[in-house]
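A quick write-up on the structure given underneath.
Quick note: residue numbers are just sequence positions, from 1. What you see is a predicted model; the values in this text were computed from it and never measured.
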Amino acid sequence: MSVSESIQPRQYPQPRAMLRLIKPITWFPPIWAYLCGSVSAGVPLSGQWPLVILGMVLAGPIVCGMSQAANDWCDRHVDAVNEPDRPIPSGRIPGRWGLWIALVMTVLSLAVGWLLGPWGFGATVVGVIAAWAYSAEPVRLKRSGWWGPGLVGLSYEGLPWFTGAAVLLAGPPRFEIVVIALLYAFGAHGIMTLNDFKALEGDRQHGVRSLPVVLGPEVAAKIACTVMGMAQALVVVLLVIFGKPWHGLAVLALLLVQVAAMRVLFRDPKGKAPWYNGTGVVLYVTGMMISAFALRGLV
């Protein structure tokens with residue numbers, strides 16, 4: 001129990017703390033990826049917007065929000081070291097309310113996923129399992145600096161992209177869509193590794209073997225940037241092979257700007273990681289949408 005809980009014990013969660021628990025700022029990547037998948041499907045979006053919007057809400061506020069609540073509950077001891085002002089360690093979400101919120105949102109995720117048909121529901125089941133496997137014992141894949149970021153990258157970028165396309169197509173997406181989605185999911189491993197920089201001290205104390213903990217910030221930053229760069233370089237090559245050279249050139253231009261930003265990151269990996277997440281990542285996701293329109297043109 002935190003100091004704030006012992007001084008001012010609460011019986012019910014603070015509404016503002018509940019919103020912070022599900023972290024709206026983290027909803028953008030899966031929402032964007034789902035939209036990219038919808039665009040890449042090549043299906044006319046007129047008349048399909050209810051499905052697109054429902055899927056974006058499911059991917060962001062519901063499933064991603066649920067995963068954040070589950071992660072904060074499972075990480076409450078780590079957060080007490082890294083960020084004691086977070087809703088659960090600060091006592092603004094008391095007792096086991098963090099767990100109940102995560103479980104209710106899990107049920108809500110499955111219920112909404114059911115409305116998207118068999119492909120949408122199946123993908124939702126996979127996303128829910130991945131969220132709990134990442135955070136909860138005994139699996140807790142976030143302990144690994146390789147498996148943890150990989151699972152999050154797949155769940156944040158690859159799975160929503162695949163789902164957006166599959167729901168509109170009412171069937172499996174084309175090979176080109178799947179391979180581009182997987183490449184961006186692979187590249188997101190690097191984004192998630194940079195995100196681990198903010199939790200270095202708590203991760204060390206609680207046995208979370210993130211790459212910044214195991215290899216140090218300098219090496220971890222180089223690996224993260226290499227992964228992001230390789231993924232996008234392969235996307236460029238494939239877009240050219242698919243007969244979309246101008247789209248490939250646009251993604252290449254974005255990658256070159258990212259390389260310049262990476263050089264700034266390498267000067268102070270721990271200090272510059274938040275800056276890079278606010279600049280380089282924007283360029284990364286812009287390339288995702290360009291690629292989605294390229295795939296749409298293949299139909």
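A 4.5 Å side-chain heavy-atom check between Ile22 and Pro61 finds every atom pair outside the cut-off. Taking 4.5 Å as the limit, some side-chain heavy atom of Leu45 sits within range of a side-chain heavy atom of Leu168. Within the 4.5 Å cutoff, no side-chain heavy atoms of Lys244 are placed close to those of Ile290. Inter-residue side-chain proximity for Leu295 and Leu298 is flagged as met; some heavy-atom pair is nearer than 4.5 Å. At least one side-chain heavy atom of Leu265 sits under 4.5 Å from a side-chain heavy atom of Leu194.
Across all non-hydrogen atoms, the minimal contact from Pro13 to Ile93 is CB-CG1, 4.0 Å. Taking both residues in full, the closest heavy atoms of Pro138 and Arg143 are given as O-NH2, 3.1 Å, listed atom of the first, atom of the second, then distance. Contact record, Thr26 with Pro29: O-CD, 3.2 Å, taken as the closest heavy-atom pair.
Here the CH2-NE2 distance, from Trp146 to His189, works out to 6.0 Å after rounding to the nearest 0.5 Å. The structure places CZ of Arg76 at 14.0 Å from CZ of Arg86, a figure rounded to the nearest 0.5 Å. Leu151 contributes atom CG, which lies 6.0 Å from atom CG of Leu141 (distance to the nearest 0.5 angstrom). Put simply, CG on Leu182 and CG on Leu154 are 7.0 Å apart, with the number rounded to the nearest 0.5 Å. Atom CD1 of residue Ile101 and atom CD1 of residue Ile88 lie 7.5 Å apart, to the nearest 0.5 angstrom. In this structure, the separation between CZ on Arg296 and OG on Ser38 is 9.5 Å, given to the nearest 0.5 Å.
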Show every donor-acceptor pair shorter than 3.5 Å between a side-chain atom in residues 103-123 and any protein atom, with sequence neighbours excluded, or say none if there are none.
| unit_1 | atom_1 | unit_2 | atom_2 | d |
| --- | --- | --- | --- | --- |
| Thr106 | OG1 | Ala102 | O | 2.8 |
| Thr106 | OG1 | Trp132 | NE1 | 3.1 |
| Ser109 | OG | Met105 | O | 2.7 |

N/O donor to acceptor pairs below 3.5 angstrom from side-chain atoms of residues 62-71, sequence neighbours left out:
| unit_1 | atom_1 | unit_2 | atom_2 | d |
| --- | --- | --- | --- | --- |
| Ser67 | OG | Cys64 | O | 2.6 |
| Gln68 | NE2 | Tyr156 | OH | 2.6 |
| Asn71 | OD1 | Ser135 | OG | 3.0 |
| Asn71 | OD1 | Lys142 | NZ | 3.4 |

Just list the side-chain donor-acceptor pairs under 3.5 Å for residues 246-254, sequence neighbours left out, or say none.
none

Which atom pairs, one a donor and one an acceptor, fall under 3.5 Å between side chains of residues 158-167 and the rest of the protein, sequence neighbours left out?
| unit_1 | atom_1 | unit_2 | atom_2 | d |
| --- | --- | --- | --- | --- |
| Trp161 | NE1 | Ser40 | OG | 3.1 |
| Thr163 | OG1 | Leu159 | O | 2.6 |

If you look only at distance, which donor and acceptor atoms sit under 3.5 Å apart when one is on a side chain in residues 216-231 and the other is two or more places apart or in another chain?
| unit_1 | atom_1 | unit_2 | atom_2 | d |
| --- | --- | --- | --- | --- |
| Thr226 | OG1 | Lys222 | O | 2.7 |

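For residues 262-282, there are no ring-ring contact (aromatic ring centres under 6.0 Å, His included) pairs, not counting sequence neighbours. Pairs of residues two or more places apart, or lying in two chains, that qualify as side-chain hydrogen bond (donor to acceptor under 3.5 Å, both in side chains) and include a residue from residues 282-294 are Tyr184-Ser291. For residues 248-262, every residue pair satisfying the side-chain hydrogen bond (donor to acceptor under 3.5 Å, both in side chains) rule, not counting sequence neighbours, is listed here: Gln232-Gln258. Sorted by first and then second residue, the pairs that involve residues 24-49 and meet ring-ring contact (aromatic ring centres under 6.0 Å, His included), not counting sequence neighbours, are Phe28-Trp32.
Qualifying side-chain contact (heavy atoms from CB on, under 4.5 Å) partners for Leu238, counting only residues two or more places apart in sequence or in other chains: Val179, Ile180, Leu183, Ile241, Phe242. Every residue two or more places apart in sequence or in another chain was checked for a ring pair (Phe, Tyr, Trp, His ring centres under 6.0 Å) with Tyr134, and none qualifies. Not counting sequence neighbours, the partners of Lys23 by the side-chain hydrogen bond (donor to acceptor under 3.5 Å, both in side chains) test are Asp72.
Here the side chain of Arg92 pairs no donor or acceptor atom with the backbone of Gln14 at under 3.5 angstrom.
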